[in-house]
Amino acid sequence: MVKKPSPFPKSFNPIRRLLRRNLSGRHYRRSTTATAKTTTLPPTENLQSQTVIVEVEAWLLRSQLSTFAYFMLVAVEAGGFLRGLFLLLAYPLLCLLSGDMRLKAMVLVTFFGLREKEVVRVGKAVLPKLFLEEMAMEGLEAVMKARRVVAVCTLFPRVMIQGFLKEYLGVDTVVGKEVMVVAGRYVGVIVDEAVTIQTDGAPVGEEMMNKGKHEEAFGLVGTGSRIIHIFSHYCMETYAVSEADKAAWHPLPRDNYPKPLVFHDGRLAFMPTFPAAVAMYTYLPFGIFLAIVRSLAYSLLPYRISVPLGALTGMRFRIIADPPTDATDKNKAGGRLYVCNHRTLLDPITVAAGLNKPVTVVTYSVSPVSELIAPIRTARLTRNRDEDRRRMAALLARGDLVVCPEGTTCREPYLLRFSPLFAELTAEVTPVALETRVDMFYGTSTKPGSKVLDPLYFMMNPRPEYRIEFLQPVRTATTNGEEGGHGNNKSQTIDAANRVQRVLGEALAFELTEQTRKDKYMMLAGNEGIVEGKAKK
């Protein structure tokens with residue numbers, strides 16, 4: 001007797017088995033075959049507090065963008081620009097292959113030799129921003145009504161999308177293709193037999209996988225999906241959406257993100273589609289030359305020359321409001337304390353250029369190379385509160401001082417929690433609101449060993465922009481106008497720091513948060529943000 005071939009692709013047999021266990025238990029079988037209902041959106045009451053199996057590409061992502069952009073991000077961010085160039089050159093040849101073979105070849109070119117932990121970092125810290133920007137508001141609303149969500153991904157390896165789905169959407173289970181790992185590095189071969197269901201990094205237990213006869217599941221799938229038969233056969237009801245219906249769906253507004261996107265990492269500040277990637281690599285040699293010229297100009301020339309010269313090369317520098325008149329008074333005893341939000345390592349240089357006079361900046365952990373090439377004076381802090389306060393007071397007595405109390409950079413329109421130490425130094429501070437615009441590369445990174453290149457990447461942008469606004473001075477003294485924190489208790493100092501944070505937030509239209517430097521680095525890099533291991537004791 002000849003065995004009848006399975007109607008399902010061999011690569012999805014493991015998914016079929018796992019979905020069967022998730023939906024109906026080990027011994028339950030449907031005697032009839034259900035059909036998928038073609039619909040724009042399922043009725044709300046049907047999904048309320050139910051288990052939903054959703055095909056990610058069909059229901060959560062708005063457009064069927066080429067997967068090239070996402071693989072290019074993994075190649076560049078985890079493997080470097082040479083790996084990305086190799087993928088770019090190979091892509092025209094990969095397009096000659098069929099769908100399955102093209103995906104396997106792209107995985108091989110992208111993943112081969114990459115460290116597993118580095119790809120996991122990219123999946124958690126870099127890709128979520130792009131996935132959120134491609135999120136469909138209507139599809140997400142349908143999924144978020146469910147009590148339990150099983151996400152099935154057919155186009156991306158699980159490592160690329162699991163961090164986003166769990167961290168930002170809170171899905172319970174992610175099913176996807178696995179890429180073989182040997183000795184902590186990817187081989188680049190898709191291992192279909194190893195497809196597993198995981199929750200919080202561990203295999204799902206029997207109590208969750210075996211739903212039993214008393215719990216049914218609903219399926220959300222695309223009309224042209226290769227796994228629509230699996231959904232139709234094993235789900236109580238299956239809803240299929242067509243590309244024509246999705247054309248009317250809307251992008252998810254930032255205010256509706258399930259979780260605020262406060263932190264993200266990576267160098268590329270654009271969606272690296274194939275044409276965009278070609279443009280980037282064509283521009284890259286000139287961009288490096290341009291960055292060197294700009295850096296030398298700001299390091300060696302007076303600001304009255306370097307700023308106009310930077311403008312001629314496309315670098316925009318906008319002063320929205322001039323500094324207070326007494327801030328430029330050279331006869332004033334001591335200096336003025338400028339408190340800035342933190343966008344890039346160039347913030348203090350930008351403030352100095354706006355003032356057209358030298359300033360000193362205090363830092364916690366900046367690479368020694370960055371300190372060496374900085375055109376302004378830098379002073380390291382020790383993370384010992386009393387010692388740091390003494391050092392900052394001495395520096396302020398000798399001249400103007402710039403501090404960034406967030407302690408780390410933030411790319412998005414948020415302000416991190418301010419360290420209150422600056423509020424103990426003087427009775428009045430001058431807030432400085434800074435905003436940046438980049439069109440190709442981000443000038444910040446949490447990747448170990450790459451922070452020294454942060455200013456260079458910012459300067460490499462074709463038209464980088466700095467917007468600077470000197471705000472009116474804010475009083476920090478709270479007891480009889482005393483300065484330097486004398487008479488101020490800890491809560492009053494914190495209140496003063498929060499007051500300055502609110503002033504900057506209102507000027508920039510940024511949202512205030514309680515996030516800290518440690519929160520950022522633990523989320524994006526898995527460490528506490530001590531640069532190069534050089535923090536002083």
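- Between atom SG of residue Cys410 and atom NE2 of residue His342 there is a gap of 11.0 Å, rounded to the nearest 0.5 Å.
- Note: Phe156 and Phe131 meet the aromatic proximity criterion, with ring centroids under 6.0 Å apart.
- Using cut-offs of 30° and 60° on the angle between ring planes, the pair Phe286 and Phe289 is tilted.
- Proximity of a side-chain donor or acceptor of Glu178 to a complementary backbone N or O of Val191 within less than 3.5 Å is not detected.
- Between Thr444 and Thr344, the closest heavy-atom pair is CG2-CA, 4.1 Å.
- Within the 4.5 Å cutoff, side-chain heavy atoms of Val152 are placed close to those of Ile53.
- Checked by atom type and distance alone, the side chain of Asn461 pairs as donor or acceptor with a backbone atom of Met440 at under 3.5 Å.
- Residues that satisfy the side chain to side chain donor-acceptor pair (under 3.5 Å) test with Thr408, not counting sequence neighbours, are Lys520.
- Residues satisfying the ring-ring contact (aromatic ring centres under 6.0 Å, His included) test with Tyr168, not counting sequence neighbours, are none.
- Rounding to the nearest 0.5 Å gives a distance of 10.5 Å between CD of Gln162 and SG of Cys153.
- A distance of 6.0 Å or more separates the ring centres of Tyr457 and Tyr442.
- With sequence neighbours left out, Arg463 forms a salt bridge (charged side-chain N to carboxylate O under 4.0 Å, His left out) with no residue at all.
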Quiz prompt | side chain to side chain contact (heavy atoms under 4.5 Å, CB included) between Phe458 and Asp454, worked out | solution = CA-CA 6 Å; Phe458 182 84; Asp454 285 355; over 6 Å; no
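- Ring-centre distance between Phe68 and Phe274: below the 6.0 Å cut-off.
- Using a 4.0 Å cut-off between charged nitrogen and carboxylate oxygen, Arg318 and Glu465 count as a salt-bridge pair.
- Every residue two or more places apart in sequence or in another chain was checked for a salt bridge (charged side-chain N to carboxylate O under 4.0 Å, His left out) with Lys124, and none qualifies.
- Residues in residues 73-83 take part in no side chain to side chain donor-acceptor pair (under 3.5 Å) pair, two or more places apart or across chains.
- Within the 4.5 Å cutoff, the side chain of Ile227 has heavy atoms near those of the Thr154 side chain.
- Of the possible donor and acceptor atoms, none in the side chain of Glu116 sits under 3.5 Å from a partner among the backbone N and O of Ala183.
- In this structure, CE in Met280 is found 8.5 Å from CG in Leu85, a value given to the nearest 0.5 Å.
- With hydrogens and angles disregarded, no donor-acceptor distance shorter than 3.5 Å links the side chain of Trp249 to the backbone of Gly139.
- Under the rule for a side chain to side chain donor-acceptor pair (under 3.5 Å), the partners of Arg437 that lie at least two apart in sequence or sit in another chain are Glu435.
- When the ring-ring contact (aromatic ring centres under 6.0 Å, His included) test is applied to Phe112, no partner is found at least two apart in sequence or on another chain.
- Put simply, the side chain of Arg102 gets close to the backbone of Leu97: a donor and an acceptor are under 3.5 Å apart.
- Counting only N and O atoms by type, the side chains of Thr350 and Asp347 include no donor and acceptor under 3.5 Å apart.
- Put simply, the side chain of Thr516 reaches to within 4.5 Å of the side chain of Asp519, judged on heavy atoms.
- Put simply, the side chain of Leu415 does not reach to within 4.5 Å of the side chain of Thr513, judged on heavy atoms.
- In this structure, Leu96 places its CG atom where more than 12 heavy-atom neighbours from other residues, nucleotides or ligands lie under 6.0 Å away.
- Under the salt bridge (charged side-chain N to carboxylate O under 4.0 Å, His left out) criterion, Asp265 pairs with Arg121, Arg411, sequence neighbours left out.
- Between Ile468 and Val432, the closest side-chain pair of non-hydrogen atoms falls below 4.5 Å.
- For the pair Phe164/Val171, no side-chain contact is recorded, criterion being any heavy-atom separation below 4.5 Å from C-beta on.
- Ala291 and Met460 make their closest contact through CB-CG, 3.5 Å (heavy atoms, listed as atom of the first residue, atom of the second, distance).
- The aromatic ring centres of Phe510 and Tyr414 sit 6.0 Å or more apart.
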Exercise. Could you give me the CA-CA distance, side-chain angles and deciding distance for Leu268 and Phe81, then say whether side chain to side chain contact (heavy atoms under 4.5 Å, CB included) is met?
Key: CA-CA 11 Å; Leu268 302 188; Phe81 282 92; 4.2 Å; yes
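- A salt bridge between Lys129 and Glu133 is present, with a side-chain N of the basic residue lying under 4.0 Å from a carboxylate O of the acidic one.
- Heavy atoms only, all atoms of each residue included: Ala78 and Leu114 are closest at O-CD2, 3.7 Å.
- Smallest separation of non-hydrogen atoms from Leu346 and Pro455: CD2-CB, 3.9 Å.
- A donor-acceptor pair under 3.5 Å links the side-chain atoms of Glu406 to the main chain of Leu416, judged by distance alone.
- Here the closest non-hydrogen pair linking Leu60 and Met135 is O-SD, 3.0 Å.
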Quiz item: Do Thr238 and Phe218 pass the side chain to side chain contact (heavy atoms under 4.5 Å, CB included) test, and can you show the C-alpha distance, the side-chain angles, and the key distance before you say yes or no?
Solution: CA-CA 6 Å; Thr238 298; Phe218 292 80; over 6 Å; no
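- Under the 4.5 Å side-chain criterion, counting only non-hydrogen atoms from C-beta, Cys340 is in contact with Val351.
- Residues forming a ring-ring contact (aromatic ring centres under 6.0 Å, His included) with Tyr186 (at least two apart in sequence, or on another chain): Phe111.
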Quiz item: Can you list the steps and then say if Thr363 with Arg380 is a side chain to side chain contact (heavy atoms under 4.5 Å, CB included)?
Solution: CA-CA 5 Å; Thr363 65; Arg380 271 184 175 266; 4.1 Å; yes
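- Counting heavy atoms from C-beta outward, Tyr70 and Met106 have side chains that stay 4.5 Å or more apart.
- By the 6.0 Å contact criterion, CE on Met101 is open, its count of non-hydrogen atoms from other residues, nucleotides or ligands being 12 or less.
- Between the side chain of Glu57 and the backbone N or O of Leu155 there is at least one donor-acceptor pair closer than 3.5 Å.
- In terms of modelled atom types and a separation under 3.5 Å, the side chain of Asp388 and the main chain of Leu381 share no donor-acceptor contact.
- With sequence neighbours excluded, no residue forms a salt bridge (charged side-chain N to carboxylate O under 4.0 Å, His left out) with Arg294.
- Using modelled atom types, one side-chain atom of Ser450 and one backbone atom of Lys447 make a donor-acceptor pair closer than 3.5 Å.
- In this structure Phe418 satisfies the ring-ring contact (aromatic ring centres under 6.0 Å, His included) test with no other residue, sequence neighbours excluded.
- Across all non-hydrogen atoms, the minimal contact from Thr51 to Arg147 is OG1-NH2, 4.1 Å.
- Distance check: Leu61 CG to Glu55 CD gives 10.0 Å after rounding to the nearest 0.5 Å.
- Residue pairs that meet the side chain to side chain donor-acceptor pair (under 3.5 Å) test with at least one member in residues 253-263, sequence neighbours left out, are Glu167-Lys259, Arg254-Glu412.
- In terms of modelled atom types and a separation under 3.5 Å, the side chain of Thr313 and the main chain of Gly310 share a donor-acceptor contact.
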